[in-house]
Amino acid sequence: METFFLEQHPHVELCDLLKFMGWCDSGGTAKAVIAEGQVKVNGKIETRKRCKIVADQQVEFASNKVVVKASA
């Protein structure tokens, strides 16, 4: 499982997180896989493309998992 740090930001949008993690090559691809129900947040399918992901949430896509933390 990977870790993503928010640093000084309160949240990251789900579609941006998929791009930052390198799981999707573009925002359009990220939005498409989210809309298709391929992404889970805390174990539940999430279809809101701009869902705000905050510290201590876990995101899954394909065989990838990331936990979001406030800072290193």
Side-chain angles (χ1 to χ4, degrees):
M1 182 179 303
E2 299 179 72
T3 304
F4 178 84
F5 296 102
L6 294 170
E7 298 304 332
Q8 302 300 321
H9 302 282
H11 67 270
V12 61
E13 292 181 353
L14 183 56
C15 58
D16 291 336
L17 180 61
L18 296 183
K19 287 189 307 184
F20 295 153
M21 295 304 297
W23 298 348
C24 292
D25 57 357
S26 71
T29 302
K31 290 175 182 176
V33 298
I34 294 166
E36 292 169 1
Q38 296 183 37
V39 181
K40 291 183 180 181
V41 176
N42 291 339
K44 295 181 181 177
I45 293 173
E46 180 58 72
T47 57
R48 295 176 295 159
K49 299 168 189 86
R50 298 198 177 274
C51 173
K52 294 177 180 168
I53 304 301
V54 296
D56 299 321
Q57 286 189 304
Q58 182 178 320
V59 176
E60 299 175 48
F61 170 62
S63 60
N64 302 302
K65 291 184 183 181
V66 63
V67 63
V68 176
K69 296 290 183 185
S71 61

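Atom set for the values below is all heavy atoms of this structure, side chains included, hydrogens, waters and symmetry mates excluded. When a residue number appears, it is its place in the shown sequence, counting from 1.
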Holding to side chain to side chain donor-acceptor pair (under 3.5 Å), I want the full list of residues that pass it with E36, two or more places apart in sequence or in another chain.
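Residues passing side chain to side chain donor-acceptor pair (under 3.5 Å) with E36: Q38.
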Residues forming a side chain to side chain donor-acceptor pair (under 3.5 Å) with Q58, sequence neighbours excluded
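Side chain to side chain donor-acceptor pair (under 3.5 Å) check on Q58 returns nothing, list empty.
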Which residues pass the side chain to side chain contact (heavy atoms under 4.5 Å, CB included) test with T29, not counting sequence neighbours?
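Partners of T29 by the side chain to side chain contact (heavy atoms under 4.5 Å, CB included) criterion, ordered by chain and then number, come out as C24, D25, S26.
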If I take atom NE2 from residue H9 and atom CG from residue D16, how far apart are they, to the nearest 0.5 angstrom?
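The NE2 atom of H9 sits 11.0 Å away from the CG atom of D16.
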Pairs satisfying salt bridge (Lys or Arg N to Asp or Glu O under 4.0 Å), at least one member in residues 46-66, at least two apart:
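Residue pairs with at least one partner in residues 46-66: E13-R50, E46-R48, D56-K69.
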Would you mind listing the cluster partners of W23? Hydrophobic ones only (ILVMFWY), side-chain contacts under 4.5 Å, chaining allowed.
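Other cluster members: F4, L6, V12, L14, L17, L18, F20, M21, V33, I34, V39, V41, I53, V59, F61, V66, V68.
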Members sharing V67's hydrophobic cluster (side chains within less than 4.5 Å)
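Traced through the cluster, V67 reaches M1.
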To check you understand the geometry: which heavy-atom pair defines the closest contact between A70 and A55, and what is its length?
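Minimum heavy-atom contact is N-CB, 3.8 Å.
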